[in-house]
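Every number for a ligand or one of its atoms is a count from 1 in the order of the listing.
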Amino acid sequence: MVQHVGIIGAGQMGNGIAHVFAVAGYDVLLSDINEEALNKAKAKIEINLQRQVSKGLITADVAAAAQSRITTTTGLDGFGEVDLAIEAATENEQVKIAIFKELCPKLKPEAILATNTSSISITRLASTTDRPEKFIGLHFMNPVPVMKLVELIRGIATSEETYHTAEIFIEKIGKLTANSEDFPAFIVNRLLLPMINEAIYTLYEGVGSVESIDKAMRLGANHPMGPLQLADFIGLDTCLSIMQVLYEGLADTKYRPCPLLVKYVEAGWIGRKVGRGFYDYRGDEPVPTR
Ligand SMILES: NC(=O)c1ccc[n+]([C@@H]2O[C@H](COP(=O)([O-])OP(=O)(O)OC[C@H]3O[C@@H](n4cnc5c(N)ncnc54)[C@H](O)[C@@H]3O)[C@@H](O)[C@H]2O)c1
């Protein structure tokens, strides 16, 4: 029975995952190596809870109780208490492996270990832990409090019991699941990221401007957000990592990351989380950066 959830990484995804588990009544331990990220996460969770209250989705009491259930830490010491640990740190295989090495000896033997990776092999990550049969991919969507889906991905060694337990608690937090087999980027990002990468090629080749590409896809394909706006929202560093995993994992040049995406990441213009990506968010209204 999952009661206590630990989350490693308090960025865009970690704060959203903490939010939904706390609203559903779980005790949440949220960890990040960066104190500033934890402070930002707490502020973001408060804003998002208040937004849900003002929309009538939850009561003020539920929001206050949710906030009181979240504890933050810069270390991993409290993880001995958790029934489920979800790794939601930077999309980099070495970063994730280093976290698992430090985390596993602290976890209860029966604790389930999940990763929110967008693209990296669950089987390969599981093999670096002491519990491949209790390891699973739980791919939440951004923004977590709003998006209904969680992709469930089994590694080759994931037990049926782990899969079943994960499925039940995802239902308990009010989300729906889709099963994906363990192939690079799973289902959602196997389809979404090549589209975003192609939008960046469209910009790179001068087919359209930032605004015209986004407008074309919003009005012409009924996408709620243009692909470049969506890339900024995901984080261009994460988009690049996912394209690299697709490119290397499937060994097909059709997944080659667009050089312009690489350039934006090298510039540190990695999207909304830093105030600048394909758009500059630092003024009153987002404006294209070039
Ligand atoms: N952004 C999206 O739309 C999205 C959607 C689904 C899944 N994901 C996945 O979720 C994960 C996190 O993405 P994000 O968008 O929240 O990234 P982010 O850059 O907003 O946050 C990552 C956080 O991880 C922290 N971190 C880095 N190394 C750490 C360590 N060793 N220990 C603890 N914390 C550490 C960083 O300080 C940062 O706060 C990635 O695996 C990403 O692929 C992202």
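Among P143, S118, G9, the residue whose heavy atom sits closest to atom 7 (C) of ligand 1 is S118. Heavy-atom proximity to atom 34 (N) of ligand 1, evaluated over N116, I33, L76, is greatest for I33. Around atom 26 (N) of ligand 1, the closest heavy atom drawn from A185, A89, S241 belongs to A89. Atom 31 (N) of ligand 1 has its nearest heavy-atom neighbour, among T117, I99, L138, I242, in I99. Among Q12, M147, E91, E35, the residue whose heavy atom sits closest to atom 41 (O) of ligand 1 is E91.
Protein heavy atom closest to atom 27 (C) of ligand 1, with residue, atom name and distance, is T90 OG1, 3.2 Å. The shortest contact between atom 17 (O) of ligand 1 and any protein heavy atom is with K273 NZ, 3.8 Å.
Residue I234 has at least one nitrogen or oxygen atom sitting less than 3.5 Å from a nitrogen or oxygen atom of ligand 1, judged on distance alone. Remark: ligand 1 and M13 share an N or O pair separated by less than 3.5 Å (distance only, no angle test). Residue S31 places no N or O, backbone or side chain, under 3.5 Å from any N or O of ligand 1. Considering backbone and side-chain atoms together, D32 places an N or O closer than 3.5 Å to an N or O of ligand 1.
Only the backbone of F140 comes within contact range of ligand 1, with a heavy atom under 4.0 Å; no side-chain atom does. Residue-level proximity to ligand 1 for T115 is absent, since no heavy atom of it falls below 4.0 angstrom. Proximity of I8 to ligand 1, defined as any heavy-atom pair under 4.0 Å, is confined to the side chain (atoms from C-beta onward). At a heavy-atom cutoff of 4.0 Å, ligand 1 is contacted by no atom of M141, backbone or side chain.
When all heavy atoms of G235 and K273 are compared, the closest pair comes out as CA-CE, 4.2 Å.
Between R190 and I187 there is no side-chain heavy-atom pair separated by less than 4.5 Å.
At most 12 heavy atoms of other shown residues, nucleotides or ligands fall within 6.0 angstrom of atom CD in E285.
The shortest heavy-atom distance from A88 to ligand 1 is under 4.0 Å.
Using a 4.0 Å cut-off between charged side-chain N and carboxylate O, D83 and K108 make a salt bridge.
Under the side chain to side chain donor-acceptor pair (under 3.5 Å) criterion, K106 pairs with D77, sequence neighbours left out.
Among pairs with a residue in residues 191-247, none fulfils ring pair (Phe, Tyr, Trp, His ring centres under 6.0 Å), at least two apart in sequence or across chains.
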